[in-house]
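Quick caveat: nothing in here was measured; it's all calculated off a predicted structure. Residue indices begin at 1 and follow the sequence shown. Just follow the structure's listing: the first ligand is 1, and inside any ligand the first atom is 1.
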Amino acid sequence: MNVYQKVLALVAVVATSSLLFSVAVYGDDKREWALGWFKQSKLDVAPVSSPAYRQECGSCHFAYQPGLLPETSWRKMMSGLDDHFGDNAELDAETQKNILNYLVANSADKSDYKRSAGIAGSLKSTEAPLRISDTVYFRRKHDEIPARYVADNKAVGSYSNCAACHTRAETGSYNEHEVEIPGAGRWED
Ligand code: HEC
Ligand code: HEC
């Protein structure tokens, strides 16, 4: 075979096997699963799905996805809302319980989205950091960014302001290629 024939043969093999694979997946009723996996593999954490959480915990700042902290952290935070980083964020008992349940069920240690698994895996089971920005995993991902872009940048202020730099944070996507730091432009490393 010359090179041209070899390429043709390769294309034929790849095309046939992908066709067979899709038929197998489709026929096996696993299509939903395959699509779900594809969608999930593109997101870093599961997007917020509770309107109550978004309303109560997204009024002062970005509504952090539950998969950014482990269960221990959410339990600790939700039991001290009267002094929440110096603010009073108390809720009525019913709402408090519902939001806690939502956070726990979707916490980093119960989610298999890639950043959730990374965050949970970087912590000891006894650790309960109250800030995402205090986790080892977060620090490792942000250690190359100069302070003039963060604390000394009026449009950002602190690392708590995820959505100031991550243009698609709201959707659960923190991809480094979607970062635009105000005043610094698109991030290239
Ligand atoms: C009254 C305003 C207010 C409300 C309501 C509020 N927060 Fe906060 N939250 C704050 C402040 C202030 C900070 C500290 C921000 C900073 O340091 O820049 C903070 C920080 C946080 C952080 C740490 C972010 C980081 O740096 O990693 C988390 C997580 C958080 N809040 C979760 C919640 C949850 C969950 C709720 C709902 C139960 C909630 N917040 C409701 C004011 C509020
Ligand atoms: C000052 C801007 C800024 C803020 C604020 C910020 N980030 Fe980032 N983040 C970045 C940059 C820049 C990168 C890419 C770093 C690199 O690749 O060296 C990044 C990377 C990440 C990554 C890894 C993405 C990848 O593709 O590897 C995650 C996850 C992430 N950030 C989550 C968060 C969360 C959650 C918050 C809020 C609690 C946050 N970030 C706040 C700038 C920021």
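- Using a 4.0 Å cut-off between heavy atoms, Asn161 contacts ligand 2 through its backbone alone, with no side-chain atom that close.
- Ligand-side atoms of ligand 2 in range of Glu144: 18 (O), range being under 4.0 angstrom from any heavy atom.
- Nearest non-hydrogen protein atom to atom 18 (O) of ligand 1 is Ser158 OG, 3.3 Å.
- Close contacts of ligand 2 with Ile145, meaning ligand atoms under 4.0 Å from a residue heavy atom, involve 10 (C), 11 (C), 12 (C), 42 (C).
- In this structure, Ile181 and Cys165 have side chains that are in contact, with non-hydrogen atoms separated by less than 4.5 Å.
- Contacts classified as side-chain hydrogen bond (donor to acceptor under 3.5 Å, both in side chains) and involving residues 58-70 (residues at least two apart or in different chains) are given here: Gln65-Tyr174.
- Counting the atoms of ligand 1 from 1 in the order shown, those under 4.0 Å from a heavy atom of Ser133 are 25 (C), 26 (O), 27 (O).
- Taking only nitrogen or oxygen atoms, main chain and side chain alike, Tyr159 does not reach within less than 3.5 Å of ligand 1.
- Rounding to the nearest 0.5 angstrom, the gap separating the CG atom in Asn161 from the CG atom in Asn153 is 9.5 Å.
- Contact of the Arg131 side chain with the Phe85 side chain is registered, since non-hydrogen atoms from C-beta on lie closer than 4.5 Å.
- Across all their heavy atoms, Leu69 and Leu130 have their closest contact at CD1-O, 4.1 Å.
- Here 2 is the count of protein N, O or S atoms positioned under 2.8 Å from atom 8 (Fe) of ligand 1, waters not counted.
- The CG atom of Asn175 sits 9.0 Å away from atom OG1 of Thr167, with the distance rounded to the nearest 0.5 Å.
- Of the candidates His166, His177, Gln65, the one placing a heavy atom closest to atom 33 (C) of ligand 2 is His166.
- We find the CG-CH2 distance between Asn106 and Trp74 to be 10.5 Å, quoted to the nearest 0.5 Å.
- The CG atom of Asn101 lies 10.5 Å from the OG atom of Ser50; values are rounded to the nearest 0.5 Å.
- Here is the list of ligand 1 atoms found below 4.0 Å of a heavy atom in Leu130: 23 (C), 29 (C).
- For the residues Arg140, His142, Lys114, the heavy atom positioned nearest atom 10 (C) of ligand 2 is part of His142.
- In the displayed structure, Lys97 atom NZ is contacted under 6.0 Å by at most 12 heavy atoms of other residues, nucleotides or ligands.
- For the pair Val104/Arg75, a side-chain contact is recorded, criterion being any heavy-atom separation below 4.5 Å from C-beta on.
- Not a single heavy atom of Phe138 sits closer than 4.0 Å to an atom of ligand 1.
- Among the atoms of Arg115, some N or O lies under 3.5 angstrom from an N or O of ligand 2.
- Put simply, the side chain of Val156 does not reach to within 4.5 Å of the side chain of Tyr149, judged on heavy atoms.
- Taking CG from Leu91 and CG from Asn88, the interatomic distance works out to 9.5 Å, rounded to the nearest 0.5 Å.
- Short contacts between ligand 2 and Val150, defined as distances under 4.0 Å to a heavy atom of the residue, involve ligand atoms 1 (C).
- Summary of contacts: the protein heavy atom closest to atom 27 (O) of ligand 1 is Ile132 N, 2.7 Å.
- Among pairs with a residue in residues 153-172, those fulfilling salt bridge (Lys or Arg N to Asp or Glu O under 4.0 Å) read Arg54-Glu170, Arg168-Glu178, at least two apart in sequence or across chains.
- Residues Val150 and Tyr159 form a side-chain contact, since some pair of their non-hydrogen atoms from C-beta on lies under 4.5 Å apart.
- Side-chain contact between Val45 and Ile119 is absent, with no heavy atoms from C-beta onward closer than 4.5 Å.
- Ring-plane geometry between Tyr53 and Tyr102 is classed as tilted, the angle between the planes lying from 30 to 60 degrees on a 0 to 90 degree scale.
- Distances from ligand 1 to the non-hydrogen atoms of Gln96 include no value under 4.0 Å.
- Nearest-heavy-atom check against atom 29 (C) of ligand 1 across Glu90, Met77, Arg54 picks out Met77.
- Looking at Lys141 against ligand 2, both its backbone and its side chain come within 4.0 Å, counting heavy atoms.
- The atoms of ligand 2 that sit less than 4.0 Å from any heavy atom of Asn175 are 26 (O).
- Of all the heavy atoms of Phe62, none lies under 4.0 Å from any atom of ligand 2, so neither backbone nor side chain is involved.
- Among residues at least two apart or in separate chains, side-chain hydrogen bond (donor to acceptor under 3.5 Å, both in side chains) pairs with a member in residues 132-141 are Arg115-Tyr137.
- When only non-hydrogen protein atoms are considered, atom 17 (O) of ligand 1 lies nearest to Arg131 NH2, 2.9 Å.
- Of all the heavy atoms of Glu176, the ones lying under 4.0 Å from any atom of ligand 2 are found in both the backbone and the side chain.
- In terms of polar-atom proximity, Ser160 is counted as a contact of ligand 1, with an N or O under 3.5 Å from an N or O of the ligand.
- For atom 8 (Fe) of ligand 2, the N/O/S atoms of Cys165 include none lying under 2.8 Å.
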